[in-house]
Number of protein chains: 2
Amino acid sequence: MTDAAAKAGSTTSIYIELRVVLFSLRDNRLFVLLTPADEQLFPGAWELPGCPFSSRESLEKNASQCIAPFTGQHEAYLEQLYSYGDSGRHPSLDLLSIVYFALLSADALSSGRPADVDVRWFPLDQLPPLAMKHGDFIEYALRRLRYKLEYSAVGFELLPEYFSLSELQHTYEVVLGEKLDKRNFRRRILQANVIEPTQQYRLGEGRPARLYRYRPDAVAEVKARRLFP
Amino acid sequence: MTDAAAKAGSTTSIYIELRVVLFSLRDNRLFVLLTPADEQLFPGAWELPGCPFSSRESLEKNASQCIAPFTGQHEAYLEQLYSYGDSGRHPSLDLLSIVYFALLSADALSSGRPADVDVRWFPLDQLPPLAMKHGDFIEYALRRLRYKLEYSAVGFELLPEYFSLSELQHTYEVVLGEKLDKRNFRRRILQANVIEPTQQYRLGEGRPARLYRYRPDAVAEVKARRLFP
DNA sequence: CCAAAAGTGTTCTATGTACACCCATGC
DNA sequence: GCATGGGTGTACATAGAACACTTTTGG
């Protein structure tokens with residue numbers, strides 16, 4: 001492949017961007033971060049935070065910078081989701097959207113939130129109209145999140161450093177959209193040896209809850225090992 | 001986002017390409033399709049089949065066209081794998097590689113193979129030197145294939161339309177890299193109701209093997225439902 | 001003492017795993 | 001008749017699911 005080939009190929013008129021589906025948890029609901037879309041092109045619609053692709057950085061760095069204004073100094077968990085190249089999503093541009101999905105821990109949400117950019121957190125069941133098929137992006141990101149929750153430890157990325165077992169269970173229930181059995185849930189999480197108890201307690205109504213912490217040395221994934229079917 | 005933003009962004013000097021990791025099975029080994037890389041830039045190295053991105057088509061169509069010369073009229077199974085944006089993979093270009101992985105059924109392999117392009121099938125354990133980190137692409141594609149084999153019916157994509165249960169089992173064994181128990185394997189596959197027996201038999205040494213066929217109405221995926229851990 | 005949430009074990013069922021012999025064909 | 005791969009069932013171990021009551025705190 002030569003530079004001539006490059007010119008013949010695809011270096012013209014394609015707008016390469018990154019988009020991030022940033023999830024966070026609040027009041028036992030899943031939220032996603034959106035910004036208002038261009039009023040002229042998509043009146044009344046919102047869009048995912050994004051930024052143009054810069055080849056000077058890795059894709060992940062690019063994606064991280066898209067959401068840096070909203071995450072403060074907390075590092076969000078980031079993972080590449082999919083690349084969408086379909087034309088027709090924008091009236092005058094050929095878009096190539098490399099989409100990441102990201103998880104922001106609950107304590108990061110409440111801390112630094114700069115109001116100099118117009119952004120809002122929307123609960124997943126009350127999304128506004130979305131431009132450029134970003135609704136599809138979000139739907140797919142949610143599927144991936146649900147899926148990953150079942151065989152990896154991503155769930156902890158949505159929680160603060162210290163959390164009670166009930167908080168952890170609620171996280172799972174909210175993301176998966178179903179109730180889980182308390183005793184079974186606790187037994188499995190504890191047997192997995194991925195969290196460790198601390199000496200702290202969460203006070204509130206009822207009996208105080210012991211707080212746990214994710215073990216940084218934990219094995220974060222289990223093999224599915226199911227052998228279709 | 002406006003057209004001005006687009007120009008400020010990333011419409012210059014980035015070469016967008018598709019690459020396909022095309023797997024096929026032969027003599028109970030997994031093979032991947034490669035073409036010789038540019039002799040000047042990467043002497044002695046090979047690369048994955050690829051083509052420049054055209055925004056007139058969907059990404060999947062683009063990818064499909066990369067391998068069309070080698071698949072004949074057979075449709076290969078195609079799935080987006082990952083997008084690699086790291087600079088430094090090419091001495092003079094900023095590459096953005098959208099990588100697909102693909103499976104070609106064994107009967108497609110033996111039929112039409114046009115020799116007007118220089119390509120070769122390499123067994124996975126004897127890969128040549130690879131340009132532009134394509135070795136990483138292949139490694140990741142293999143991981144994804146192994147993973148999918150355990151919860152979906154992709155395995156059948158590597159087989160011809162009619163196959164014996166032993167052939168199916170060998171496919172699984174080769175991809176996963178381990179031996180499976182014959183009786184357990186058969187029980188599970190048959191209970192899953194994804195294949196149906198035909199009246200045909202495969203002759204050879206020993207007792208003839210009944211041939212089966214994948215049921216097009218089969219449910220091709222099972223939920224992992226394992227709930228970490 | 002009452003409300004509210006935390007914490008705790010056992011039984012049953014389903015799924016996965018280990019394992020050895022007879023069968024049908026070609027030579 | 002023998003070599004070769006095809007085909008079959010059972011017993012045991014492990015993992016998942018269902019289920020109800022006691023404990024600790026604040027008001």
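Chain A is the first sequence line, chain B the second, and so forth, proteins listed ahead of strands; every chain is numbered from 1. These figures come from a predicted structure and were not determined experimentally.
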Considering only nitrogen or oxygen atoms on both sides, find all protein atoms under 3.5 Å from nucleotides 10-12 of chain C and state each distance.
| from | atom 1 | to | atom 2 | distance (Å) |
| --- | --- | --- | --- | --- |
| dT10(C) | O4 | R187(A) | NH2 | 3.4 |

Q: With a 4.0 Å heavy-atom cut-off, tell me which residues in residues 197-211 of chain A come close to DNA chain D, sorted by residue number.
A: G206(A), R207(A), P208(A)
Q) Do R188(A) and dA17(D) have a side chain to base donor-acceptor pair shorter than 3.5 Å? A) no
Q. Hey, does the side chain of R183(A) come within less than 4.0 Å of dC19(D)'s phosphate (OP1/OP2), counting only N and O?
A. no
Tell me which donor-acceptor pairs under 3.5 Å the side chains of residues 129-143 of chain A have, and how far apart each pair is, sequence neighbours excluded?
| from | atom 1 | to | atom 2 | distance (Å) |
| --- | --- | --- | --- | --- |
| H134(A) | ND1 | L48(A) | N | 2.9 |
| Y140(A) | OH | R144(A) | NH1 | 3.3 |

Q) What pairs with E196(B) under salt bridge (charged side-chain N to carboxylate O under 4.0 Å, His left out), at least two apart in sequence or on another chain? A) R213(B)
Q. What integer distance in Å separates L168(A):CG from dG7(C):C1'?
A. 15 Å
Q: Round to the nearest Å and state the distance from H170(B) atom NE2 to dG7(D) atom C1'.
A: 14 Å
Q: Kindly write out the residues that satisfy side chain to side chain donor-acceptor pair (under 3.5 Å) with S166(A), not counting sequence neighbours, or none if the list is empty.
A: R186(A)
Q. Taking for each residue the nucleotide of DNA chain D bearing the nearest heavy atom, is the 5' side occupied by D181(A) or by R186(B)?
A. R186(B)
**Q.** Candidate list R188(B), H170(B), E173(B), test side chain to side chain contact (heavy atoms under 4.5 Å, CB included), partner L180(B), passing option
**A.** E173(B)
**Q.** Q169(B) CD to dG7(D) C1', straight-line distance once rounded to whole Å
**A.** 12 Å
Q: Provide, to the nearest angstrom, the distance between the CD atom belonging to Q191(A) and the C1' atom belonging to dT14(D).
A: 12 Å
Q. What is the distance from atom CD1 of I189(B) to atom CZ of F156(B), rounded to the nearest 0.5 Å?
A. 4.5 Å
Q: Could you check how far CD of E178(A) sits from P of dA17(D), rounded to whole Å?
A: 10 Å
Q: Output all residues satisfying ring-ring contact (aromatic ring centres under 6.0 Å, His included) with F122(A), sequence neighbours left out; order by chain, then residue number.
A: W46(A)
Q. Which salt bridge (Lys or Arg N to Asp or Glu O under 4.0 Å) pairs, counting each pair once, include a residue from residues 120-131 of chain A, with sequence neighbours left out?
A. R29(A)-D125(A)
Q) salt bridge (charged side-chain N to carboxylate O under 4.0 Å, His left out) with D27(B): which residues, sequence neighbours excluded? A) none
Q: Starting at atom NZ of K182(A), determine the distance to atom P of dT23(D), rounded to an integer number of angstrom.
A: 14 Å
**Q.** Gap between atoms CZ and C1', on F163(A) and dA6(C) respectively (whole Å)
**A.** 16 Å
**Q.** Side-chain N,O (S166(B)) to OP1/OP2 (dG6(D)) below 4.0 Å
**A.** yes
Q. Rounded to whole angstroms, how far apart are CD on E167(B) and P on dT4(D)?
A. 19 Å
Q. Listed by chain and number, what are the salt bridge (charged side-chain N to carboxylate O under 4.0 Å, His left out) partners of R202(A), not counting sequence neighbours?
A. E167(A)
